[in-house]
Protein chains: 2
Amino acid sequence: MDKIFKALASEPRRRILDYLAVEPMTVGEIADNFEMAMPSISRHLAVLKEAGVVREQKRGQYMLYSLVTNRLTGQLYDFLAPFCAQARGIVEARPRRRGRD
Amino acid sequence: MDKIFKALASEPRRRILDYLAVEPMTVGEIADNFEMAMPSISRHLAVLKEAGVVREQKRGQYMLYSLVTNRLTGQLYDFLAPFCAQARGIVEARPRRRGRD
DNA sequence: TAGTCATTTTCCTATTTAGCTAAATAAGAA
DNA sequence: TTCTTATTTAGCTAAATAGGAAAATGACTA
């Protein structure tokens, strides 16, 4: 949960997700859309992969990245649900440990 | 959009939102649930306010913080929608400038 | 007015993050 | 094998962030 929000808290990484939402792409193809150097893109992709929102597949000497849509939507919906419920006055907020950290 | 994801990319801040989802609270009441010192809580609240997900109301010498639910849900749904659509194969990803940054 | 309580601001330090270039890996082509 | 291309890793610097303590602000009370 923390990883997914950290992953999304970056304009370049959200842009990468936009591109991948259209179609899977190699690192180089993604990098062509940015002014950033490829190693930087590579690390952004690693962060997104760590968060589970993209996956990588070796395709010869290329690395193909694609979106893990249900991971993205699922995690965010899970986070949102309690707040939606509260907005409608239906239930209490989702359970979370209270008290000292 | 950037601000909301940055605001959510913090465990303590998400916990604060959980508390506020139950009921509005003063800074001191919120701080009682953390080991963190109050000034730190105060700054986390400022970040959440900057992102528009909480609002503050002066109540005498207390400051009452409460959730801006529709802001939270609206922004995240807007972000998610294109990915949901893509998952169902309905439309292309949401428009965003492509090409060089 | 002086004193107290709640909150914010300032100043400081430690940690994390983003970006770069250069070097290392890995696969394909000659 | 050697050369080339695609990607990742290492090593670095600059900037952002989180936290604390102490000072400043603002409102209530005596």
Side-chain angles (χ1 to χ4, degrees), chain A residues 1-20 23-68 96 99-101, chain B residues 1-20 23-68 96 99-101:
Chain A
M1 181 61 86
D2 198 57
K3 279 183 183 170
I4 200 163
F5 278 114
K6 289 239 165 61
L8 295 175
S10 153
E11 233 276 305
R13 284 196 290 266
R14 289 194 303 276
R15 261 184 71 198
I16 289 175
L17 293 179
D18 284 339
Y19 294 132
L20 296 183
E23 60 185 346
M25 281 181 168
T26 67
V27 182
E29 287 171 339
I30 296 167
D32 286 344
N33 291 285
F34 292 82
E35 289 187 333
M36 222 178 300
M38 190 178 316
S40 305
I41 297 293
S42 180
R43 261 193 295 89
H44 280 306
L45 285 166
V47 171
L48 291 168
K49 189 182 68 177
E50 259 297 296
V53 298
V54 306
R55 75 170 188 285
E56 56 180 22
Q57 299 159 273
K58 200 89 189 218
R59 281 278 178 280
Q61 63 188 318
Y62 299 86
M63 191 66 91
L64 195 64
Y65 279 88
S66 48
L67 211 59
V68 179
R96 252 204 209 213
R100 306 256 153 219
D101 210 358
Chain B
M1 182 60 86
D2 199 56
K3 279 183 182 169
I4 200 163
F5 278 115
K6 289 237 166 60
L8 295 175
S10 152
E11 233 276 306
R13 284 197 290 267
R14 289 193 304 276
R15 260 183 73 196
I16 289 174
L17 293 180
D18 285 339
Y19 294 132
L20 295 182
E23 60 185 348
M25 280 180 169
T26 68
V27 182
E29 287 171 340
I30 295 167
D32 286 343
N33 291 286
F34 291 83
E35 290 186 333
M36 221 178 300
M38 191 178 314
S40 304
I41 298 293
S42 180
R43 262 188 287 91
H44 280 306
L45 285 166
V47 172
L48 291 168
K49 189 182 68 178
E50 259 297 297
V53 298
V54 306
R55 75 170 187 286
E56 56 181 21
Q57 297 159 275
K58 199 91 189 213
R59 282 278 178 279
Q61 62 188 318
Y62 299 85
M63 191 66 91
L64 193 65
Y65 278 88
S66 48
L67 211 59
V68 180
R96 251 202 209 215
R100 306 255 154 220
D101 211 357

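Quick caveat, the model's predicted, so the values are computed rather than measured. Chain identifiers are assigned alphabetically (A, B, ...) following the order of the sequence lines, protein sequences preceding nucleic acid strands; residue numbering begins at 1 within each chain.
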Quiz prompt | A/Ala37 vs A/Lys58, nearer the 5' end of DNA chain C by closest nucleotide | solution = A/Ala37
Quiz item: Atom CZ of B/Phe34 to atom P of D/dG19: distance rounded to whole Å?
Solution: 10 Å
Exercise. Could you tell me the separation between the OH atom of B/Tyr62 and the P atom of C/dT8, rounded to a whole number of Å?
Key: 14 Å
Quiz item: How long is the line joining CD of B/Glu11 and P of C/dT16, in whole Å?
Solution: 16 Å
Quiz prompt | Phosphate contact (C/dC20 OP1 or OP2) by A/Arg43 side-chain N/O below 4.0 Å | solution = no
Practice problem: May I ask you to verify if any side-chain N or O of B/Tyr65 is less than 4.0 angstrom from the OP1 or OP2 atom of C/dT8? | Solution: yes
Quiz item: Do we get B/Arg15 above B/Phe34's six-membered ring, with its NZ or CZ under 6.0 Å from the centre and within 45° of the axis?
Solution: yes
Practice problem: Name the nucleic acid region contacted by B/Arg59, choosing base, sugar-phosphate or nothing; use a 4.0 angstrom heavy-atom cut-off, strictly under. | Solution: nothing
Quiz item: So B/Phe5 and A/Phe5, would you call those rings parallel, tilted or perpendicular, with 30° and 60° as cut-offs?
Solution: tilted
Exercise. Starting from C1' on D/dT8, measure out to NZ on A/Lys49 and report it in whole angstrom.
Key: 10 Å
Self-check item: Nucleotide D/dC28, atom P - distance to CD of B/Gln61 in whole Å
Solution: 7 Å
Exercise. Would you kindly give the CD1-to-P distance between B/Ile41 and C/dT9, to the nearest whole Å?
Key: 15 Å
Quiz item: If you check every side-chain atom of A/Glu56, which of D/dA18, C/dT8, D/dT8 has the closest atom?
Solution: D/dT8
Self-check item: 5' priority, DNA chain C, between B/Pro39 and A/Ala9 [closest heavy atom]
Solution: B/Pro39
Quiz item: Is any side-chain nitrogen or oxygen of A/Ser40 closer than 4.0 Å to OP1 or OP2 of C/dG19?
Solution: no
Quiz prompt | Lys/Arg N to Asp/Glu carboxylate O, B/Arg14 vs B/Asp18, below 4.0 Å | solution = no
Quiz item: For A/His44 and C/dG19, is the shortest distance between a side-chain N/O and OP1 or OP2 below 4.0 Å?
Solution: yes
Exercise. State the CG-CE distance between A/Leu20 and A/Met25, to the nearest 0.5 angstrom.
Key: 7.0 Å
Quiz item: Under 6.0 Å from the CD atom of A/Glu50, do we count more than 12 heavy atoms belonging to anything else shown?
Solution: no
